[in-house]
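Below is one structure, written out as structure tokens; the observations come after it.
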Amino acid sequence: MNDAVAMEATRRRTQHRANGKASEQGEQPAQWGRAWEVDWFSLSSVIGLLCFAPFIVFFFVMACDQYQCSISQPLLELYHGETTLLSIWARAPSFTWSAAKIYAIWVAFQVFLYMCVPDVTHKFIPGYVGGVQDGARTPAGLINKYEVNGLQCWLITHALWYANAQYFHWFSPTIIFDNWIPLMWCANILGYAVSSFAFIKAYLFPTNAEDCKFTGNIFYNYMMGIEFNPRIGKWFDFKLFFNGRPGIVAWTLINLSYMAKQQELYGHVTNSMILVNVLQAIYVLDFFWNEAWYLKTIDICHDHFGWYLGWGDCVWLPYLYTLQGLYLVYQPVQLSNAHALAVLLLGLVGYYIFRSTNHQKDLFRRTEGSCSIWGRKPAYIECSYRSTDGGVHRSKLMTSGFWGVARHLNYTGDLMGSLAYCAACGFGHILPYFYIVYMTILLVHRCIRDEHRCGSKYGKDWKRYTDAVPYRLIPRVF
Ligand code: NDP
């Protein structure tokens, strides 16, 4: 059955090529997008991640719960035989039905907001782009429509959270912290369920068969996804929903819950906790303010939807991106003014570079180069590429502004911001620094992955671009 569907997809692809210009000209269209074949390194990384990623999340959360956020202590105790994996496991809070109820209400509420409350904020917030928007062209040449209402969902959710904390008192603002590990089991159930559903759906009823990728390796397909833009009905887009909500809407609520817990436990909130809340809230709000722009980023317009996005958005993101706040509940840190100021500056400068770089590319692409970057007309390299339907398309790669300094200065700014969150936690433990290590690996890998894809997409034009802008993240270093 599976092979039949895969063969059908291949047949359609071949037919498309035969109908398109590529075949008329005796050329194969460039194979851009995720790989069609899996090398051994990718396969072993995929299997390693599938096996270990859930334990990494458990390890960090458990280290806070049982060892006051020390990650060396459990390892040393295990090494010296003072504890066992079984006893660590036995001490961890288990699944509870009350956590399941909270989680089900949370996800159902986000689905309701996403599907049933069309965006109105774009009508009265100047400069905000929301409502129905076009995505980027898929490898098969399609342009999907999206209902962009993330900012509105974030605002409604946070207004309700505030109203509850101030007036209604239906639940305690520490509810997320108080159920953190039981909620993790629920998030895992959803993460695995949605990834498995997307995997099966790709074989049985794909939304768009031309945009499916079957590599022939089941683990790789499960992890990296087969369908490009799986949907239920016309509007429930898996990538847009799971990428932004419930994980990123939850991010700021989780931090607020940590802040409330600090207040409850110690009678005050530390400046480090406020810094983490403020810097991460800027990042989250930036995400929703620019949600229409995110439709053109790698997650939405190049990655297929598999476990990497499905489980990652449900579990990895809410649990590991919020480690700083969790740490500060167990280890409250009051920073000196100089330290706090340095962290704030690092975070804001990083954010400025991140946002300006992204904005420059967006402006440049939207206006097709008819704009002003740093007070001048932008310089660029003209490129062409083919989609799998054989169509030839033109594009431009900017070589001025931040994009002339390095090829991914947006990642550099992101990394500076990430370092600021970690540095806000002081230097007592290494656990909060996991985030900067992870983000460095993620963004360096992403940079290489993206450049590999751009190389296949643009061919010699990409080479001209890398000759003009030789560094990736830091000029003269990398
Ligand atoms: P980019 O926004 O950098 O997009 C890369 C794409 O831009 C390329 O594939 C290419 O696409 C196009 N491009 C490359 N160079 C140029 C150029 N010189 N001029 C014009 N277009 C160019 O990458 P991402 O989508 O990965 O990241 C978006 C943001 O999201 C980043 O700021 C990143 O830091 C952030 N991010 C954060 C994550 C997190 O977990 N916190 C995870 C991932 C990203 P095309 O094919 O259209 O030419």
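No hydrogens, no waters, no symmetry mates; every other heavy atom, side chains included, goes into these values. Just follow the structure's listing: the first ligand is 1, and inside any ligand the first atom is 1. As the structure is a computational prediction, the values presented were derived from the model and not from experiment.
Listed by atom number, the atoms of ligand 1 under 4.0 Å from Y294 heavy atoms are 30 (O). Listed by atom number, the atoms of ligand 1 under 4.0 Å from C454 heavy atoms are 8 (C), 9 (O), 10 (C). Atom numbering of ligand 1 starts at 1 in the shown order; those under 4.0 Å from a heavy atom of K396 are 20 (C). Atoms of ligand 1 lying under 4.0 Å from any heavy atom of L442, numbered from 1 in the order shown and given with element: 40 (O), 42 (C). Per-residue contacts place H408 under 4.0 angstrom from the following atoms of ligand 1 (heavy atoms of the residue considered): 3 (O). The contact set between ligand 1 and R365, taken as ligand atoms under 4.0 Å from a residue heavy atom, comprises 20 (C), 21 (N), 22 (C), 45 (P), 47 (O), 48 (O).
When the heavy-atom distances from atom 15 (N) of ligand 1 to Y438, W403, F402, F364 are ranked, the shortest goes to W403. When the heavy atoms of Y411, W316, W293 are ranked by distance to atom 24 (P) of ligand 1, first place goes to Y411. The option from D414, D303, V469, N290 that lies nearest to atom 34 (O) of ligand 1, judged by heavy atoms, is D414. With distances taken over non-hydrogen atoms, the option nearest atom 16 (C) of ligand 1 out of L397, T399, L415 is L397.
At least one cation-pi condition fails for R137 and F228: the charged atom is not both under 6.0 angstrom from the six-membered ring centre and inside a 45 degree cone around its axis. Stacking of K396 on the aromatic ring of Y380 is recorded, both the 6.0 Å distance cut-off and the 45° axial limit being met. For the pair R365 and W403, the cation-pi criterion (under 6.0 Å, within 45° of the ring axis) is not fulfilled. A cation-pi arrangement, defined by a distance under 6.0 Å to the six-membered ring centre and an angle within 45 degrees of its axis, is present between K457 and Y385.
Under 4.0 Å from ligand 1, not a single heavy atom of L317 appears. Contacts with ligand 1 closer than 4.0 Å are made by no heavy atom of Y380, backbone or side chain. The side chain of K361, and not its backbone, has at least one atom closer than 4.0 Å to an atom of ligand 1 (non-hydrogen atoms only; side chain from C-beta on).
In this structure, the side chain of T399 engages the main chain of A379 through a donor-acceptor pair within 3.5 Å. Remark: side-chain polar atoms of Q262 are paired, donor with acceptor, to backbone N or O of L328 under 3.5 angstrom. Between the side chain of N255 and the backbone N or O of A281, no donor-acceptor pair lies under 3.5 Å.
Residue N358 has at least one N or O atom closer than 3.5 Å to an N or O atom of ligand 1. Any N or O atom pair closer than 3.5 Å counts here, and S395 shares no such pair with ligand 1. On a distance-only criterion, R407 and ligand 1 share no N/O pair closer than 3.5 Å.
Aromatic pair W251/F287: ring centres not closer than 6.0 Å. Annotation: F478 is not in aromatic contact with Y471 [ring centroid separation under 6.0 Å not met].
Ligand 1 has at least one atom lying under 4.0 Å from a heavy atom of M439. By the 4.0 Å heavy-atom criterion, Y458 is counted among the residues contacting ligand 1. Within the structure, the closest approach of Y385 to ligand 1 does not fall below 4.0 Å when heavy atoms are considered.
Proximity of N149 to T121: side-chain heavy atoms (C-beta onward) are nowhere separated by under 4.5 Å. In this structure the side chain of V117 never reaches within 4.5 angstrom of the side chain of C153, judged on heavy atoms. Under the 4.5 Å side-chain criterion, counting only non-hydrogen atoms from C-beta, Q110 is in contact with L113.
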